[in-house]
Structures are given as C-alpha cells and as structure tokens.
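Before any comments, here is the structure.
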Amino acid sequence: MPRFVVHEHHATHLHFDFRLEMEGVLKSWAVPKGPSMNPKDKRLAIMVDDHALEYGSYEGRIPEGSYGAGAVVIWDKGDYELLRGNVREGRMELLLKGKKLKGTFALARMSGKEKEWLLIKKRDEFAEDGFQMKTVLTPSLLKKLTTKVPPCEAS
Ligand code: MN
C-alpha cells in the first residue's frame, strides 16, 4: 500500500506539504492553508518538485541558507489508495487512511494552470464541516528537532 505524508513546514511562511508515494518518488504539493476535512474548503495545492521517498520520514530543522530553511514536522501520514485518475491527467480521487486525513479526497489541476491544483475533501462519513487546522509544532518539539539537511530532491 503506498503512503502519504503531510509535512508542516515553518519556513518564511507556514505551509503544509502534501506528498504521495507514486512512481518511486514523493509527488509533492505545497498547500498554503493545509488540507481540510471540510468539503466546502477548496485548498490551493501548488505542485512542487518530486522528492525522494526517504524525505517522507524527515523531521528536523532545515538549516539557514538551505532551500526551505525552517522546522519541518509530520502533521499526518498513513496509507492511501488511488481510487481513480492519475497525476498526468491532473485529476485523482484518493482514499486517505491517516490519523487526521481520512476518507476520499479529490486532487485536481485547475483548468488552464500548470502547477495549481485544488485539494478538496469529498463528502463521506469522515467529512467534518467544523474542521479547524491545528498545527502540531510546539516549543518543546521544536527543541527536540535536530538541524539537518533533508534528503535531496529526486532527480
Ligand atoms: Mn515546504
């Protein structure tokens, strides 16, 4: 079963990185507001470079001067199933089995756009209309993070 991970990334601007194990790499999208369990939220997801699979377990502080400098922690992770579509056609339906993200989601490229996608929860028994994003990084967790350069991007 392939895995997904959502990184909470405290860079210049806090954002979330949604990553799917697919075709031997982590297909990755930067989601400024983070994923939502509310089907009414349409979350902008900007496709970024593929990352190496090893990056999926990365937590740490990306050092100053490196790309994405700042703290990275795992916000959620789990198995997923690709229910339909594929990344090339720019339209996927995913079944996520995380601790926070559960059930079906649509991830689709906006028409006429290259990198801009939308991540939207589909209505099912897991949908939460009152969903509020809560970050996981606390001062004590921040202290535990070591400074290390993350595994390089997949080439
Ligand atoms: Mn990031």
Side-chain angles (χ1 to χ4, degrees), residues 1-38 41-82 85-88 90-110 113-121 128 131-155:
M1 189 79 70
R3 311 266 298 159
F4 79 93
V5 62
V6 180
H7 278 124
E8 177 181 314
H9 187 178
H10 295 255
T12 313
H13 298 283
L14 169 66
H15 63 274
F16 297 79
D17 293 297
F18 182 76
R19 309 186 195 280
L20 297 173
E21 281 185 12
M22 196 173 269
E23 300 169 357
V25 296
L26 289 174
K27 294 287 173 190
S28 298
W29 290 260
V31 184
K33 291 184 177 175
S36 174
M37 289 297 288
N38 184 345
D41 290 335
K42 294 175 169 58
R43 294 301 203 220
L44 178 64
I46 300 152
M47 196 175 211
V48 296
D49 290 337
D50 295 344
H51 282 59
L53 289 178
E54 304 89 90
Y55 195 56
S57 55
Y58 177 86
E59 289 193 300
R61 288 197 221 201
I62 301 175
E64 290 301 323
S66 296
Y67 179 74
V72 176
V73 288
I74 292 172
W75 182 81
D76 196 22
K77 63 181 176 180
D79 293 339
Y80 82 91
E81 285 177 44
L82 178 60
N86 63 61
V87 70
R88 256 169 307 280
R91 184 168 288 275
M92 292 183 279
E93 191 173 303
L94 307 165
L95 176 62
L96 302 184
K97 301 172 182 179
K99 290 258 166 61
K100 296 172 179 151
L101 299 182
K102 294 178 183 178
T104 50
F105 286 75
L107 181 56
R109 194 190 292 129
M110 294 164 74
K113 304 281 186 177
E114 200 184 334
K115 304 274 184 196
E116 289 156 282
W117 296 53
L118 291 174
L119 177 64
I120 305 168
K121 179 78 190 83
E128 270 179 60
F131 178 84
Q132 297 279 343
M133 167 53 76
K134 290 191 195 86
T135 56
V136 295
L137 186 66
T138 57
S140 62
L141 178 54
L142 181 61
K143 268 186 225 153
K144 283 185 215 149
L145 293 178
T146 55
T147 300
K148 56 188 174 187
V149 177
C152 57
E153 286 167 7
S155 51

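Ligands are counted one by one from 1 in listed order, and the atoms in each one are counted from 1 as well. Keep in mind that what you see is a predicted model, and the values were worked out from it rather than measured.
With waters neither drawn nor counted, the protein N/O/S atoms under 2.8 Å from the Mn ion (ligand 1) amount to 3.
Residues meeting the salt bridge (Lys or Arg N to Asp or Glu O under 4.0 Å) test with Asp41, sequence neighbours left out: Arg43. Every residue was checked against the ring pair (Phe, Tyr, Trp, His ring centres under 6.0 Å) condition with His10, not counting sequence neighbours, and none meets it.
Counting only heavy atoms from C-beta outward, the side chains of Asp49 and Tyr67 never approach each other to under 4.5 Å.
Aromatic ring orientation, Trp29 versus Trp117: perpendicular (interplanar angle above 60°, classes split at 30° and 60°).
Here side chain to side chain donor-acceptor pair (under 3.5 Å) pairs that include residues 136-146, with residues two or more places apart or in two chains, are Thr138-Ser140.
Nearest heavy atom pair, residue Ile46 against residue Pro32, reads CD1-CG, 4.4 Å.
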